[in-house]
Protein chains: 2
Amino acid sequence: MRISTRGRYGLRAIIDLANNEYRGAIPLREISQRQNISEQYLEQLFASLRKSGLVKSIRGAHGGYLLNDSPEKITVKDILTALEGPIAPADCVLSEDILEKCNNGGNCVTRKVWIMIKENLEELLDSVTLAELKAESQNWGDYDQLISYSSDMNNKGVK
Amino acid sequence: MRISTRGRYGLRAIIDLANNEYRGAIPLREISQRQNISEQYLEQLFASLRKSGLVKSIRGAHGGYLLNDSPEKITVKDILTALEGPIAPADCVLSEDILEKCNNGGNCVTRKVWIMIKENLEELLDSVTLAELKAESQNWGDYDQLISYSSDMNNKGVK
DNA sequence: GCAAAGTTGATAAAAATACTCGGGATTAAG
DNA sequence: CTTAATCCCGAGTATTTTTATCAACTTTGC
Ligand code: FES
Ligand code: FES
């Protein structure tokens with residue numbers, strides 16, 4: 001029951017983007033420095049975010065990333081799903097195929113538990129928007145850099 | 001956001017135990033056959049369950065495992081926590097130490113999300129008891145064997 | 001005593017995760 | 001037109017976690 005670094009770093013990164021995009025497209029280099037995540041890893045994460053339609057990119061010099069939608073419309077579920085794939089405590093909650101192989105007609109006991117977890121989590125994560133996280137992080141003043149430098153554990157840092 | 005085989009197999013196994021312990025101590029060999037999980041892997045899982053106080057063991061010939069408490073008092077949270085460790089989407093929700101290093105005074109934005117997830121999940125899982133799962137599985141008649149043989153995906157089976 | 005169990009610790013194999021690297025394409029600015 | 005900043009993409013590698021398996025040992029009922 002753990003969120004991988006993709007989700008953890010990625011959420012931090014997109015909050016950083018939300019906090020800064022008023023200045024125009026934000027290059028990953030900036031986010032990398034503020035959040036102390038390697039630029040190369042960020043590229044991977046933003047590729048996923050872009051493919052899911054959460055951010056858009058502007059190429060070339062002075063390019064960077066922008067949110068593709070207003071922060072009010074982007075939820076934590078959108079973000080984590082883009083980065084980590086669908087929320088599925090077990091594979092069988094995703095595919096009908098597997099379901100048929102598994103449970104004589106919908107009656108696998110444990111499956112109900114996994115589905116409960118999935119639905120509960122989806123509802124919860126869908127109820128938190130990027131706008132809210134942005135607002136919260138701004139309430140704390142301009143400590144962005146300080147906070148983020150130490151804000152995750154197994155962070156190898158930028159070379 | 002995934003539950004490992006420890007949790008998935010383990011939950012199935014303890015439901016199986018709950019369904020059968022009326023006959024006395026159940027040896028792992030039995031559960032192994034019904035659930036198609038290797039006896040040796042089950043040993044590991046039941047070691048965790050025993051150390052967490054959810055089951056008790058009887059050694060020697062005619063030995064086996066019994067629930068250590070009534071199924072009404074054992075929750076899915078107890079079981080999954082015993083098997084997979086504490087529910088913690090990120091490490092920092094567990095230790096105050098890490099917290100201090102991380103967020104100047106309780107203000108790390110993402111941390112709030114991880115804590116929400118943790119608390120939500122704990123509440124949900126704590127609301128489902130083993131007794132309920134047992135009851136459900138019995139409602140479906142005596143299909144235990146059929147169900148369980150195909151009831152999990154990456155199951156290598158018993159040699 | 002012997003066979004059926006649980007107990008323990010080590011270890012090996014497989015999979016997933018967490019990155020890194022290098023080269024290419026695009027574009028603003030000078 | 002050239003250069004530097006930037007995104008883009010596909011591989012490749014290193015590390016960690018997961019998923020088991022094995023062997024030796026202890027306990028106990030018969
Ligand atoms: S407190 Fe855990 S990421 Fe900041
Ligand atoms: S349907 Fe997934 S374990 Fe049975």
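Side-chain atoms are counted along with the backbone in the values below, which use heavy atoms only and exclude waters and symmetry mates. The sequence lines fix the lettering, A, B, ..., with proteins before strands; numbering per chain opens at 1.
- Between B:Ile26 and B:Arg23, some side-chain heavy-atom pair lies under the 4.5 Å cut-off.
- At a threshold of 4.0 angstrom between heavy atoms, the contacts of A:Ile26 are confined to the sugar-phosphate backbone, with no base atom among them.
- Residues from residues 60-71 of chain B lying near DNA chain D, meaning a heavy-atom separation below 4.0 Å, are B:Gly60, B:Ala61 in numerical order.
- Nearest nucleotide to the side chain of B:Thr5, out of C:dA18, C:dT7, D:dT19: D:dT19.
- Panel note: side chain A:Glu84, backbone A:Ser4; a donor-acceptor pair is recorded below 3.5 Å.
- Look at B:Ser57 and you won't find any side-chain N or O under 4.0 angstrom from OP1 or OP2 of C:dA5.
- Residue A:Arg12 holds its CZ atom at 11.5 Å from CD1 of A:Ile31, rounded to the nearest 0.5 Å.
- Although no hydrogens or angles enter the test, the distance criterion places a donor-acceptor pair under 3.5 Å between the side chain of A:Thr81 and the main chain of A:Lys77.
- Every pair passing side chain to side chain donor-acceptor pair (under 3.5 Å) that includes a residue from residues 45-54 of chain A is listed here, sequence neighbours excluded: A:Arg6-A:Ser48.
- Between the side chain of A:Ser32 and the main chain of A:Ile37, a donor-acceptor pair closer than 3.5 Å is present.
- One atom, CZ of B:Arg59, and another, P of C:dT8, lie 7 Å apart when rounded to the nearest Å.
- Taking only distance into account, the side chain of A:Gln44 never meets the base of C:dA18 through a donor-acceptor pair shorter than 3.5 Å.
- Where A:Tyr41 and B:Phe46 meet DNA chain C, the nucleotide closest to each residue was compared, and B:Phe46 sits on the side nearer the 5' end.
- A donor-acceptor contact shorter than 3.5 Å is absent between the side chain of B:Arg8 and the backbone of A:Ala90.
- Between B:Lys56 atom NZ and C:dT7 atom C1' there is a gap of 19 Å when expressed in whole angstrom units.
- Between the side chain of B:Asp126 and the backbone N or O of B:Glu123, no donor-acceptor pair lies under 3.5 Å.
- For the pair B:Leu49 CG and C:dG6 P, the interatomic distance rounds to 13 Å; values are reported in whole Å.
- Using a 4.0 Å cutoff on non-hydrogen atoms, no part of residues 79-87 of chain B comes near DNA chain D.
- As a whole-Å value, the separation of B:Gln40 CD from C:dT8 P is 16 Å.
- Each of A:Ile3 and B:Glu43 lies near DNA chain C, and the nucleotide nearest B:Glu43 is the one positioned closer to the 5' end.
- Within the 4.5 Å cutoff, the side chain of A:Ile74 has heavy atoms near those of the A:Ile79 side chain.
- Residues A:Leu130 and A:Ile15 have side chains in contact (heavy-atom distance under 4.5 Å, counting atoms from C-beta outward).
- When the C1' atom of C:dT7 is taken as reference, atom NZ of B:Lys51 falls 8 Å away, rounded to whole Å.
- Two residues are said to be in side-chain contact when any heavy atoms from C-beta on lie closer than 4.5 Å; A:Arg2 and B:Pro89 fail this criterion.
- To the nearest angstrom, P of D:dC30 lies 12 Å from CD1 of B:Ile58.
- For the pair B:Asp91 CG and D:dT16 P, the computed distance is 14 Å after rounding to whole Å.
- Whole-Å rounding puts the B:Arg8 CZ to D:dT19 C1' distance at 11 Å.
- Under a 4.5 Å side-chain heavy-atom cut-off, the cluster of Ile, Leu, Val, Met, Phe, Trp and Tyr residues that includes B:Tyr22 has no other member.
- When each of A:Arg29 and A:Arg50 is assigned the nucleotide of DNA chain D with its nearest heavy atom, A:Arg29 is the one assigned upstream, toward the 5' end.
- At a cut-off of 3.5 angstrom, counting only N and O atoms as typed in the model, there is no donor on one side facing an acceptor on the other between the side-chain of A:Glu39 and the base of D:dT6.
- For B:Glu72, the side-chain hydrogen bond (donor to acceptor under 3.5 Å, both in side chains) criterion is met by B:Ser70, not counting sequence neighbours.
- Each of C:dG6, D:dT21, C:dC21 was ranked by its minimum atom distance to the side chain of B:Ser38; first place goes to D:dT21.
- Not one side-chain nitrogen or oxygen of A:Ser4 sits closer than 4.0 Å to the OP1 or OP2 atom of C:dA16.
- Summary of helix geometry: the two end axes of the helix from C:dG1-D:dC30 to C:dG30-D:dC1, each defined by five base pairs via their C1' atoms, are inclined to each other by 10° (rounded to 10°).
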